[in-house]
Amino acid sequence: NRRVVTSAQRISAEPSAGFTQSFENPSELEGYYRLMNNENVTADGLLAPHHSSSWQRAADEDRDSVLVVHDTSEFVYKGDVPRKRLKPKADASSFYGHFALAVSETQQPVVHGVVAQGVYRVVNKKWVEGQSEEDEVSLSIGSQRWVDIATRASAAAPESLDLIHVMDREGDSYKLMAHLVALGDSFVIRAQHNRSLETATGRLFDSIPSSAFELERDVPLSRRGRKRLPDARKRNPVRKSRVAKVIIRATTIEVKRSSGLAETIQPSMWLSFVEVIEKDPPEGEKAVHWRILSTLPVDTQEQTTRVVDIY
């Protein structure tokens, strides 16, 4: 569709500009508004060709595996007037997009493109997926979106590729991890829950034995700016980019199924557990401390650093 292509070109040329500044003349702007107000135009329909091309680029790279990086972003529209079907906020309205991005596992990562996504809004503290009232689906819990998008990505991936799902702390869900294992996919997920263990006393965060080997290496950290939502700034404070000197340790553990989950979900899982701790952070900077769960092996130093590099 020529109008879709033209609109994408105009907006991508200067994403921060308003629509009235993005388009060259009133007829282009009117065409864009008609496109967006057309109920037959959906995000899934517009992005389906992009999904296919992204998977093709990943398969053409001639590698056995590809990273599928997940995250949720909130899209905020400022203004006192509430926008239809968007979540009201102080002087603004918003909705959420959850995306899965295919990325090469190389020293210089190559982004192949978006391979799955969902559009969500929060209604009375409940997550709802869908762009129109007719196709809305309520999620049992908000974290279900991680399961849904991972399932869509896995189902559409070429059979020649092994998927490694990469998720931050919100992906630390036993139900989600068990689901990824059932799909036959691997994962690297940052841990946030100090889980109970099946075959050892104590809990997850204290499970690495003192006899475990230690690695020291440099890890580049990206800059975090101030132009983020308050909740995001609270979870991940502002920082300058730097190279952190870290100590890496790893072990293999068997975690118990979380209480309250259905008995049909496997009662325990053997996983790799990697801990990354920064040595001597700069004054005023919070030290890096990552705890990572993965289905990838950590029997050797090379395997352990691979998990850290992926995250």
Exercise for the section: Could you go through the side chain to side chain contact (heavy atoms under 4.5 Å, CB included) check for Ile247 and Leu215 one step at a time? Expected result: CA-CA 6 Å; Ile247 296 174; Leu215 305 174; over 6 Å; no
Exercise for the section: Please work out which of the three classes, parallel, tilted or perpendicular, describes the rings of Trp127 and Tyr96, given edges at 30° and 60°. Expected result: tilted
Exercise for the section: Name the orientation class of the two ring planes belonging to His98 and Tyr120 (parallel below 30°, tilted from 30 to 60°, perpendicular beyond 60°). Expected result: perpendicular
Okay, side chain of [X], backbone of [Y]: is any donor-acceptor separation there less than 3.5 Å?
X      : Y      : value
Asn194 : Leu204 : yes
Gln266 : Ser268 : yes
Arg217 : Lys245 : no
Arg10  : Ser7   : no
Ser94  : Glu74  : no
Asp172 : His193 : yes
Asn37  : Tyr33  : yes

Do [X] and [Y] come within less than 4.5 Å of each other through their side chains, counting heavy atoms only?
X      : Y      : value
Leu197 : Glu254 : no
Ser104 : His112 : yes
Val166 : His70  : no
Ile292 : Ile189 : no
Ile164 : Val68  : no

Practice task
Would you indicate whether Glu263, at its atom CD, is surrounded by more than 12 heavy atoms from other residues, nucleotides or ligands within a distance under 6.0 Å?
Solution key: no
Problem - Within the 6.0 Å centroid threshold, strictly below: Tyr32 and Phe19 - result: yes
Practice task
Ignoring hydrogens and angles, state whether a donor on the side chain of Arg63 or Thr106 is under 3.5 Å from an acceptor on the partner side chain.
Solution key: no
